*Asks:* 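Handing you a structure now.
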Amino acid sequence: MAGPLEGIRVTDLTRILAGPYCTMMLADMGADVIKIENPVGGDDTRAWGPPFLNGVSTYYLSINRNKRSLTLNLKHARGKEILAGIIRRSDVVVENFRPGTLEKLGFPWEEIHRLNPRTVFTSVSGFGQTGPRAAEPGFDIVAQGEGGLMSITGEPDGPPTKVGASIADIVAGMLAAQGTVLALLAREKSGVGQRVDVALLDGQVALLAYHANNYFATCKTSPRRGNRHPSITPYETYRCKDGYFNLGVATDALWRCFCDTMGLGDIAADLRFAANADRVRNREALEEILNPFFAAREVGPTIETIQKAGIPCGPINDVAQVFSDPQVLAREMAVEVDPPLAGPTKVTGVPIKMSANPGDIRLPPPSLGQHTDEILGNLLGLSAAERKEVREQGAV
């Protein structure tokens with residue numbers, strides 16, 4: 001079955017992570033994504049490693065499936081003509097240059113809108129296209145710090161800690177994909193495209209969610225709590241004698257069930273722990289009971305007992321354990337691909353499941369310029385002689 005974005009063409013001017021994650025999500029859902037890369041080196045992540053797989057960066061492989069690669073010199077006059085021709089035939093343009101860069105190359109939003117009034121133009125940047133810091137470069141770790149996420153991540157007596165994954169980039173990529181699809185939906189009503197402006201910083205601020213509203217209500221900032229939840233307990237990581245596990249007792253009904261299941265009926269009757277608000281106020285007293293209780297037990301049997309009672313809990317898996325988990329495999333979250341040069345490997349699967357128009361991994365991550373002739377010939381109608389000429393001119 002065709003993906004929901006089949007028939008949508010995307011001009012992809014992105015590199016690194018946030019932008020390519022956005023265009024990968026669009027490509028997974030059926031869009032024809034033309035990844036435009038610098039003829040010298042291409043996407044920066046092609047050189048990011050180790051590890052490499054037969055000389056190909058595994059970082060690059062992780063976020064560039066379902067795309068076609070075209071090398072294009074955007075500083076060359078003929079290269080600009082080719083880009084303009086592709087934009088005229090595209091529904092979406094996505095870029096994550098530093099604000100102002102495309103303008104210098106001759107492709108501001110106004111020019112893109114003139115070339116194709118129906119085009120959706122999505123920009124991803126560190127700080128957005130407006131505001132006093134719009135022109136500054138932005139990277140994931142900077143956004144995690146400035147957006148407040150690092151201030152609430154880590155142990156209470158430890159330093160501010162970034163999330164292990166590049167969450168500022170990935171969230172921005174997801175938001176950019178969502179914004180692009182929303183703009184395409186709006187185009188169905190208006191007939192014209194619009195600009196979508198996504199900032200890494202904005203995404204991190206949005207992730208604060210209830211932490212932000214706690215501050216708005218109390219004027220107090222959230223401290224680092226390790227794996228403890230500020231408003232629910234027990235809802236955290238516990239240590240057993242052979243490892244760790246996560247427990248999520250998020251309601252009073254689950255609390256009573258948990259106590260009955262684990263033979264802790266005496267604390268269920270303790271007024272200090274009767275309701276969630278009581279447990280949060282008396283968190284330290286509760287931890288003095290639960291910490292040694294779990295420390296005397298093994299992870300596996302403990303999880304099995306709790307899960308059988310219908311209480312959310314689970315192990316702390318490493319990446320190898322994730323990709324041997326039967327549920328992960330059943331959900332097709334590890335998919336075989338065969339990229340040029342790199343050879344057979346796996347990538348993560350499509351996380352959005354749809355019954356009628358599912359996403360799919362149709363193409364492996366492309367080699368640099370793999371589809372240049374195909375795109376120039378089939379999309380723009382350049383003859384073999386014309387393709388040879390633009391190569392000799394250094395435009396591609």
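Residue numbers run from 1 in the order of the sequence given. Just so we're clear, the structure is a prediction, and the values are computed from it rather than from any experiment.
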*Asks:* Any non-hydrogen side-chain atom of T302 less than 4.5 Å from a side-chain atom of I306?
*Replies:*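 Yes, their side chains come closer than 4.5 Å.
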*Asks:* Under 3.5 Å, is there a donor-acceptor pair between the side chain of R65 and the main chain of L61?
*Replies:* no
*Asks:* I need the E188 CD to S190 OG distance, nearest 0.5 Å.
*Replies:* 9.0 Å
*Asks:* Report the C-alpha separation of L290 and L264 in whole Å, then their side-chain angles, then the decisive distance to 0.1 Å, and conclude whether the side chain to side chain contact (heavy atoms under 4.5 Å, CB included) test is met.
*Replies:* CA-CA 10 Å; L290 294 183; L264 294 168; 4.0 Å; yes
*Asks:* Could you measure the distance from the OH atom of Y60 to the OG atom of S62? Nearest 0.5 Å is fine.
*Replies:* 10.5 Å
*Asks:* If we check side chain to side chain donor-acceptor pair (under 3.5 Å) with R15, which of these qualifies: N64, T45, N96?
*Replies:* N96
*Asks:* Between R391 and D373, is there a salt bridge with N-O shorter than 4.0 Å?
*Replies:* yes
*Asks:* Any salt bridge between D360 and R362, counting N to O under 4.0 Å?
*Replies:*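 A salt bridge is absent here (no side-chain N lies under 4.0 Å from a carboxylate O).
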*Asks:* Around atom CD1 of I141, are there more than 12 heavy atoms of other residues, nucleotides or ligands at under 6.0 Å?
*Replies:*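 No, because the 6.0 Å sphere around CD1 of I141 holds 12 heavy atoms or fewer from other groups.
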*Asks:* Would you check if I152 and R225 make a side-chain contact, meaning some heavy-atom pair closer than 4.5 Å?
*Replies:* no
*Asks:* Can you check side chain to side chain contact (heavy atoms under 4.5 Å, CB included) on I36 and I86, steps first, answer last?
*Replies:* CA-CA 10 Å; I36 294 177; I86 295 173; 4.3 Å; yes
*Asks:* Take atom CZ of F258 as the centre, draw a 6.0 Å sphere, and report whether it contains more than 12 heavy atoms from other residues, nucleotides or ligands.
*Replies:* yes
*Asks:* What distance do R279 atom CZ and F273 atom CZ have between them, rounded to the nearest 0.5 Å?
*Replies:*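 R279 atom CZ to F273 atom CZ measures 9.5 Å (nearest 0.5 Å).
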*Asks:* Quick check against the 3.5 Å criterion: does S166 have a side-chain atom that pairs as donor or acceptor with the backbone of D169?
*Replies:*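 No; zero donor-acceptor contacts below 3.5 Å.
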*Asks:* Would you mind checking if K308 and E304 are paired as a salt bridge, meaning a charged N to carboxylate O distance below 4.0 Å?
*Replies:* yes
*Asks:* Distance from D266 atom CG to C259 atom SG, nearest 0.5 Å?
*Replies:*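 Spacing of CG (D266) from SG (C259) equals 8.0 Å.
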*Asks:* With the side chain counted from C-beta on, respond yes when V350 and E332 share a heavy-atom pair under 4.5 Å apart, and no when they do not.
*Replies:*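 Contact flag for V350/E332 side chains = no.
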*Asks:* How many angstroms lie between atom CD1 of I167 and atom CD of Q204, to the nearest 0.5 angstrom?
*Replies:* 6.0 Å
*Asks:* Contact between L74 and F107 at the side-chain level, heavy atoms closer than 4.5 Å - yes or no?
*Replies:*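 SC-SC contact between L74 and F107 ruled out.
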*Asks:* Measure from the side-chain N and O atoms of D91 to the backbone N and O of R9, and report whether any donor-acceptor pair falls under 3.5 Å.
*Replies:* yes
*Asks:* Which heavy atom of T23 sits nearest to which heavy atom of P20, and what is that distance?
*Replies:*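 Between these two residues, the closest heavy atoms are OG1-O, 3.2 Å.
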*Asks:* Hey, mind stepping through T233 and R228 against side chain to side chain donor-acceptor pair (under 3.5 Å) and telling me if it holds?
*Replies:* CA-CA 8 Å; T233 194; R228 301 170 187 87; over 6 Å; no
*Asks:* Among I16, T58, D43, which one satisfies side-chain contact (heavy atoms from CB on, under 4.5 Å) with W48?
*Replies:* I16
*Asks:* Would M25 end up clustered with M29 when hydrophobic side chains under 4.5 Å apart are linked, directly or stepwise?
*Replies:* yes
*Asks:* Apply the side chain to side chain donor-acceptor pair (under 3.5 Å) test between S69 and each candidate in E37, K35, E374; give the one that qualifies.
*Replies:*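 The side chain to side chain donor-acceptor pair (under 3.5 Å) with S69 is passed solely by E37 among E37, K35, E374.
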*Asks:* Before giving the answer on side chain to side chain contact (heavy atoms under 4.5 Å, CB included), spell out for Y215 and T221 the whole-Å C-alpha distance, their side-chain angles and the decisive distance to 0.1 Å.
*Replies:* CA-CA 6 Å; Y215 168 73; T221 58; 4.2 Å; yes
*Asks:* Judged by atom type as modelled, is there a donor-acceptor pair below 3.5 Å linking the side chain of N54 to the main-chain atoms of A342?
*Replies:* yes
*Asks:* Do F139 and L175 belong together in a cluster built from hydrophobic side chains that touch within less than 4.5 Å?
*Replies:* no
*Asks:* If you measure from CD1 on I112 to OG on S90, what distance do you get to the nearest 0.5 Å?
*Replies:* 10.0 Å
*Asks:* Just checking Q129: does its CD atom have more than 12 heavy atoms from other residues, nucleotides or ligands closer to it than 6.0 angstrom?
*Replies:* yes
*Asks:* For R133 and F127, work out which heavy atoms get closest and say how close.
*Replies:* NH2-CZ, 3.4 Å
*Asks:* Regarding N291 and R239, is there a side-chain donor-to-acceptor distance under 3.5 Å anywhere?
*Replies:* no
*Asks:* Do S57 and F52 touch side chain to side chain, with heavy atoms closer than 4.5 Å?
*Replies:* yes
*Asks:* What is the minimum heavy-atom distance between Y21 and M174, and which atoms define it?
*Replies:* OH-CE, 3.9 Å
*Asks:* Give the C-alpha distance, both sets of side-chain angles, the deciding distance and a yes or no for side chain to side chain donor-acceptor pair (under 3.5 Å) between T119 and N116.
*Replies:* CA-CA 6 Å; T119 296; N116 186 347; 3.1 Å; yes
*Asks:* Is there a path of hydrophobic side-chain contacts, each under 4.5 Å between heavy atoms of I, L, V, M, F, W or Y residues, that connects I316 with V249?
*Replies:* no
*Asks:* Could you walk me through whether Y238 and F293 pass the ring pair (Phe, Tyr, Trp, His ring centres under 6.0 Å) test, one step at a time?
*Replies:* CA-CA 10 Å; Y238 287 98; F293 176 82; 9.6 Å; no
*Asks:* Under a 4.5 Å cut-off applied to non-hydrogen side-chain atoms, are R256 and D252 in contact?
*Replies:* yes
*Asks:* Output yes when a side-chain donor or acceptor of H211 lies under 3.5 Å from a complementary backbone atom of S222, and no otherwise.
*Replies:*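 Flag not set: sc H211 to bb S222 has no pair under 3.5 Å.
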*Asks:* Is the backbone of G106 close enough, under 3.5 Å, to the side chain of E111 for a donor and an acceptor to pair up by distance?
*Replies:*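 No, because the side chain of E111 does not come within donor-acceptor range (under 3.5 Å) of the backbone of G106.
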*Asks:* Which atoms form the tightest heavy-atom contact between K346 and E336, and what is the distance?
*Replies:* CE-OE2, 3.3 Å
*Asks:* If I compare all heavy atoms of G377 with all of R387, which pair ends up nearest, and what's the gap?
*Replies:*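 Shortest heavy-atom contact: CA-NH1, 3.7 Å.
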*Asks:* Counting distance only, does the side-chain N/O of K80 pair as donor-acceptor with the main-chain N or O of L105 below 3.5 Å?
*Replies:* yes
*Asks:* Closest approach of C313 and Q307, non-hydrogen atoms and distance?
*Replies:* O-NE2, 3.0 Å
*Asks:* Could you state whether Y59 and L368 fall into the same hydrophobic cluster, counting links through intermediate Ile, Leu, Val, Met, Phe, Trp or Tyr residues with side-chain heavy atoms under 4.5 angstrom apart?
*Replies:* no
*Asks:* So do the side chains of L200 and V124 get within less than 4.5 Å of each other, counting heavy atoms only?
*Replies:* yes
*Asks:* Walk me through whether Q321 and D325 qualify under side chain to side chain donor-acceptor pair (under 3.5 Å).
*Replies:* CA-CA 6 Å; Q321 290 169 324; D325 186 304; over 6 Å; no
*Asks:* I'd like to know if the side chain of N357 and the backbone of A2 have a donor-acceptor N/O pair within less than 3.5 Å.
*Replies:*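 At least one qualifying donor-acceptor pair exists.
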*Asks:* Do any N or O atoms from the side chain of E95 and from the backbone of F97 form a donor-acceptor pair under 3.5 angstrom?
*Replies:* yes
*Asks:* Run the numbers on I8 and L26 for side chain to side chain contact (heavy atoms under 4.5 Å, CB included), then give the verdict.
*Replies:* CA-CA 9 Å; I8 297 296; L26 300 175; over 6 Å; no
*Asks:* Between W109 and L182, is there shared hydrophobic-cluster membership here, with clusters defined by ILVMFWY side-chain heavy atoms closer than 4.5 Å?
*Replies:*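 Different clusters.
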*Asks:* V94 pairs by side-chain contact (heavy atoms from CB on, under 4.5 Å) with which of T14, V120, L13?
*Replies:* T14
*Asks:* Does any part of the side chain of R98, heavy atoms only, come nearer than 4.5 Å to the side chain of S125, both counted from C-beta?
*Replies:* no
*Asks:* Give a yes or no on whether the backbone of N66 and the side-chain of D28 come within a donor-acceptor separation of less than 3.5 Å.
*Replies:*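 No, D28 side chain to N66 backbone: no donor-acceptor pair under 3.5 Å.
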